[in-house]
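A quick write-up on the structure given underneath.
None of the values given here were measured: they were computed from a predicted structure.
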Amino acid sequence: MDYRLENLSEDDFESLINMLCQNVLGIGFVSFSKGKDGGRDGRFEGVANAYPSKTEQWKGKFIIQVKHTTDYQASCSDNKFFGNKTGLVEKEVPKVKVLKSKGEIDNYLLFTNRKETESREEARQYIKDQTGLTNVDIIGKDTLHRFLSQNKEIVKQFGLDRFTMPFEFYDKDIKELIVIFHDTILRTTTSSSTLDRPSIEEKNQINNLDNAYYENIILPDLDRYENQILAFLQNPINVEYAQYYEETSSDLKRIIEANREQFDDFKKIFSFLTNYLMEKEPDKLKKYRNTIPAFFHFMYYQCDIGRNR
């Protein structure tokens, strides 16, 4: 589940971490306040409820810091975070050393909405080596998503369900289908089919899709791709990928319907689906940026997604 934490403000992200810390550390967690150096620390003293686990809790004095970014692609490997003298981790080490010398810290937790990479462990070890602390951890986007999946009330409180839908279908299936289709599109033949469906005008009205979007965006995509996609899916040698298509479109239809109230018109669903895939692997999928939305338009026109009544 991708909760799109980059869409939160810095203050909201800090408040979210505050609530998570109250769950995993304890109700005595003191929320973030600005220090003399402008940094914002959260504090807790005692035995953690469930950190790093319910059976092996850390104890003592905790200092918690938060580093938020609005960059969806940001990771712990970025130089801005760790790897040079101006990185965020490097800047925090002297502050942690001061706290250690004063006996004000036993455990250090750094929360960030960056992707967790191998550099996360390198940064964690660097902080331990430089400060002499034994208990140090860096909690990134991947771990935060797991925490949030277990705390749905926090998700709702911060409106994170506005930014995402529970896409727990195998997006690799549709990605692979799109890639294979794109690579073979020029070798397929054309065909046509008769669809048992409402008129497209009626379908658009049911799904609150405006006529301008249909005529200027969907129709050109259908003119370019529809017959070729049909030929690809109907070719016996592509039976495995046709099955991918059926399973994925069925999952999408169910998920879209369950979350329909989050979108006031269907073109926003098209945009969300396209961005969801593109942001997963932007470098790999950028050459398919025209094929991907066309494929969703094809699903809609075929009545595989969207309401039909």
Side-chain angles (χ1 to χ4, degrees), residues 1-7 72-73 115 141 145 149 155 159-183 185 195 197 200 203-226 228-230 232-233 241-308:
M1 186 77 70
D2 189 344
Y3 290 105
R4 305 305 301 268
L5 298 172
E6 73 279 0
N7 289 327
Y72 179 80
Q73 296 299 328
K115 296 177 184 177
K141 179 189 294 188
H145 285 168
S149 294
V155 172
L160 293 173
D161 48 356
R162 291 180 296 134
F163 302 135
T164 188
M165 295 194 297
F167 277 94
E168 294 174 358
F169 69 97
Y170 292 103
D171 58 329
K172 64 180 178 62
D173 289 352
I174 195 168
K175 283 191 225 176
E176 186 170 6
L177 173 60
I178 290 170
V179 169
I180 297 297
F181 165 71
H182 185 278
D183 289 344
I185 189 169
L195 303 175
R197 67 175 197 191
I200 192 62
K203 182 177 177 71
N204 290 344
Q205 185 175 12
I206 293 170
N207 290 278
N208 194 24
L209 185 72
D210 64 78
N211 192 55
Y213 184 90
Y214 175 73
E215 291 187 350
N216 296 308
I217 305 297
I218 293 183
L219 277 182
D221 279 347
L222 292 173
D223 288 342
R224 183 177 181 185
Y225 292 111
E226 181 192 9
Q228 294 169 316
I229 295 175
L230 285 171
F232 177 84
L233 293 174
Y241 298 105
Q243 182 65 31
Y244 284 168
Y245 174 89
E246 291 179 8
E247 293 174 357
T248 302
S249 60
S250 178
D251 284 344
L252 274 174
K253 188 178 183 71
R254 171 180 54 79
I255 293 166
I256 290 170
E257 186 63 28
N259 295 272
R260 187 59 185 273
E261 70 279 1
Q262 298 181 37
F263 303 92
D264 53 12
D265 61 62
F266 209 89
K267 63 185 177 184
K268 291 183 179 178
I269 295 177
F270 288 134
S271 177
F272 185 95
L273 293 172
T274 301
N275 290 337
Y276 173 82
L277 280 179
M278 290 297 297
E279 290 174 348
K280 285 287 186 177
E281 297 182 72
D283 293 334
K284 183 177 179 181
L285 293 176
K286 63 183 178 182
K287 67 177 179 180
Y288 305 121
R289 58 186 177 274
N290 293 322
T291 311
I292 290 172
F295 222 95
F296 292 129
H297 294 156
F298 172 83
M299 286 182 172
Y300 174 84
Y301 186 76
Q302 292 289 312
C303 294
D304 293 319
I305 60 175
R307 294 172 178 170
N308 298 325

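Between Arg224 and Asp221 there is no salt bridge, since none of the side-chain N atoms of the basic residue sits less than 4.0 Å from a carboxylate O of the acidic one.
Separation of atoms CD1 (Ile305) and CD1 (Ile256) is listed at 4.5 Å; rounding is to 0.5 Å. The distance from atom OG1 of Thr248 to atom CD1 of Ile255, rounded to the nearest 0.5 Å, is 9.5 Å. Rounding to the nearest 0.5 Å places CG of Leu5 at 6.0 Å from CG of Leu160. Asn275 CG to Ile292 CD1: the interatomic distance, rounded to the nearest 0.5 Å, is 10.0 Å. The CD1 atom of Ile217 sits 7.0 Å away from atom NE2 of His297, with the distance rounded to the nearest 0.5 Å. The distance from the CD1 atom of Ile200 to the CD1 atom of Ile218 is 6.5 Å, given to the nearest 0.5 Å.
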**Message:** Go through it in stages, so that I can follow the logic: the residues are Tyr300 and Phe266, the test is ring pair (Phe, Tyr, Trp, His ring centres under 6.0 Å), and I'd like the CA-CA distance, side-chain angles, deciding distance and then a yes or no.
**Reply:** CA-CA 10 Å; Tyr300 174 84; Phe266 209 89; 5.1 Å; yes
Intermediate values then yes/no, side-chain contact (heavy atoms from CB on, under 4.5 Å), Phe263 and Phe272: CA-CA 10 Å; Phe263 303 92; Phe272 185 95; 4.0 Å; yes
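Here the side chains of Ile269 and Gln262 are not in contact, with every heavy-atom distance at 4.5 Å or above. Side-chain contact check for Tyr241 versus Leu233: every heavy-atom pair is 4.5 Å or farther apart.
The aromatic rings of Tyr214 and Tyr301 sit parallel, their planes meeting at an angle under 30°, below the 60° perpendicular limit.
For Gln205, the CD atom is loosely surrounded, since the number of other residues' heavy atoms within 6.0 Å does not exceed 12.
Taking all atoms of both residues into account, the shortest heavy-atom contact from Asn216 to Pro220 is O-CG, 3.4 Å. Taking all atoms of both residues into account, the shortest heavy-atom contact from His145 to Arg4 is NE2-N, 4.5 Å. For the pair Lys268 and Asp264, the tightest heavy-atom approach, listed with the atom from each and the gap, is NZ-OD1, 3.0 Å. Minimum interatomic distance between Glu6 and Tyr72 (heavy atoms only, all atoms of both residues): OE2-CD1, 3.2 Å.
For Glu257, the side chain to side chain contact (heavy atoms under 4.5 Å, CB included) partners are Arg307, not counting sequence neighbours. Partners of Ser249 by side chain to side chain contact (heavy atoms under 4.5 Å, CB included), not counting sequence neighbours, listed by chain and number: Tyr245, Met299, Asp304. Residues satisfying the side chain to side chain contact (heavy atoms under 4.5 Å, CB included) test with Asn308, not counting sequence neighbours, are Pro198, Lys203, Lys253, Cys303.
Remark: side-chain polar atoms of Ser250 are not paired, donor with acceptor, to backbone N or O of Glu246 under 3.5 angstrom.
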